[in-house]
> 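Starting off with a structure, shown below.
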Amino acid sequence: QVQVVESGGGLVQPGGSLRLSCAASGRIFSIYVMGWYRQAPGKQRELVATITSGGFTDYADSVKGRFTISRDNAKNTVYLQMNSLKPGATAVYYCNLFMKRNYWGQGTQVTVSS
């Protein structure tokens, strides 16, 4: 039994910042990769950022330089610091972890609007 829960979403003005958190609990052994995905209305779910168990990160081109993913392996938690937010970042953000198979959270809404 594995549970993935996102938090930290909300309404923010363009140029503002948010930090998302994702905590995994339950039958956790070793998590190879944790990441953030997002899905905007009418759009497909897309990769935002990932981080490996060794701390290697990867980002979508659209968020490079503005978003930072980090991971606390001891807490089975991943974070996404989002700075200089644009309206295009409005989406439901989903946390994903890979541990022999993929596990998904239910998402947290991020709305960037004036």
Side-chain angles (χ1 to χ4, degrees):
Q1 184 178 1
V2 175
Q3 186 175 18
V4 180
V5 180
E6 305 96 333
S7 62
L11 175 65
V12 63
Q13 296 186 63
S17 298
L18 283 174
R19 191 184 77 153
L20 306 183
S21 299
C22 171
S25 61
R27 193 171 174 82
I28 304 296
F29 295 95
S30 60
I31 305 173
Y32 298 113
V33 183
M34 300 185 74
W36 289 95
Y37 294 71
R38 66 186 179 189
Q39 187 168 23
K43 302 290 186 179
Q44 292 184 315
R45 187 174 298 186
E46 64 177 353
L47 171 69
V48 177
T50 60
I51 185 167
T52 70
S53 59
F56 294 98
T57 59
D58 194 20
Y59 298 91
D61 288 341
S62 60
V63 306
K64 286 181 178 178
R66 299 183 297 110
F67 288 16
T68 302
I69 189 170
S70 60
R71 176 174 178 169
D72 187 334
N73 290 333
K75 297 180 179 179
N76 293 320
T77 300
V78 65
Y79 306 92
L80 185 68
Q81 178 67 45
M82 305 185 294
N83 298 326
S84 301
L85 282 164
K86 302 175 181 179
T90 296
V92 177
Y93 284 70
Y94 297 91
C95 181
N96 169 265
L97 68 88
F98 178 71
M99 183 181 64
K100 298 184 179 180
R101 64 169 58 220
N102 285 294
Y103 297 89
W104 294 90
Q106 291 189 311
T108 184
Q109 176 70 49
V110 172
T111 302
V112 184
S113 177
S114 299

> Where the side chain of Asn76 meets the backbone of Ser25, is there a donor-acceptor pair that is under 3.5 Å apart?
no

> What about Val4 and Val110, same hydrophobic cluster or not, with Ile/Leu/Val/Met/Phe/Trp/Tyr joined at side-chain heavy-atom distances under 4.5 Å?
yes

> Does Phe67 have any ring pair (Phe, Tyr, Trp, His ring centres under 6.0 Å) partners at least two apart in sequence or in another chain, and if so, which?
none

> Looking only at non-hydrogen atoms, find the nearest pair between Tyr37 and Asn96 and report the distance.
CE1-CB, 3.8 Å

> Hey, could you give me the OH/CE distance between Tyr79 and Met34, rounded to the nearest 0.5 Å?
9.5 Å

> With heavy-atom distances below 4.5 Å as the criterion, would you say the side chains of Val2 and Arg101 are in contact?
no

> For the CZ atom of Arg38 and the CZ atom of Arg45, what is their distance to the nearest 0.5 Å?
13.0 Å

> Quick one: do Ile28 and Ile51 end up in the same hydrophobic cluster if we chain Ile, Leu, Val, Met, Phe, Trp and Tyr together by side-chain heavy atoms under 4.5 Å apart?
yes

> Do any N or O atoms from the side chain of Tyr93 and from the backbone of Glu6 form a donor-acceptor pair under 3.5 angstrom?
no

> Check whether any side-chain heavy atom of Thr50 lies under 4.5 Å from a side-chain heavy atom of Phe56, and answer yes or no.
no

> Angle class for the Trp104/Tyr94 ring planes (parallel below 30°, perpendicular above 60°, tilted otherwise)?
perpendicular

> Taking the side chain as every heavy atom from C-beta outward, state whether Met82 and Trp36 have any atom pair closer than 4.5 Å.
no

> Quick one: do Leu20 and Tyr103 end up in the same hydrophobic cluster if we chain Ile, Leu, Val, Met, Phe, Trp and Tyr together by side-chain heavy atoms under 4.5 Å apart?
yes

> What's the separation between atom SG in Cys22 and atom CG in Asp72, rounded to the nearest 0.5 Å?
12.5 Å

> Nearest 0.5 Å, what's the OG-CG distance between Ser113 and Leu85?
12.0 Å

> Could you walk me through whether Ser17 and Val12 satisfy the side-chain contact (heavy atoms from CB on, under 4.5 Å) test, starting with their C-alpha distance in whole Å, then the side-chain angles of each, then the deciding distance to 0.1 Å, before giving a yes or no?
CA-CA 7 Å; Ser17 298; Val12 63; 6.0 Å; no

> Using the rule that two of Ile, Leu, Val, Met, Phe, Trp, Tyr join whenever any of their side-chain heavy atoms come within less than 4.5 Å, decide whether Tyr32 and Phe29 are in one cluster.
no

> If you compare all heavy atoms of Ala91 against all heavy atoms of Gln109, which two are closest, and at what distance to 0.1 Å?
O-NE2, 3.4 Å

> Measuring from Cys95:SG to Gln106:CD, what's the distance to the nearest 0.5 Å?
12.5 Å

> Under 3.5 Å, is there a donor-acceptor pair between the side chain of Thr90 and the main chain of Val112?
yes

> Do Val92 and Val78 belong to the same hydrophobic cluster, where Ile, Leu, Val, Met, Phe, Trp and Tyr are linked whenever their side-chain heavy atoms lie under 4.5 Å apart, directly or via other members?
no

> I need the Arg27 CZ to Gln1 CD distance, nearest 0.5 Å.
10.5 Å

> List the atom of Ser53, the atom of Asn73, and the distance in Å for their closest heavy-atom pair.
O-ND2, 3.3 Å

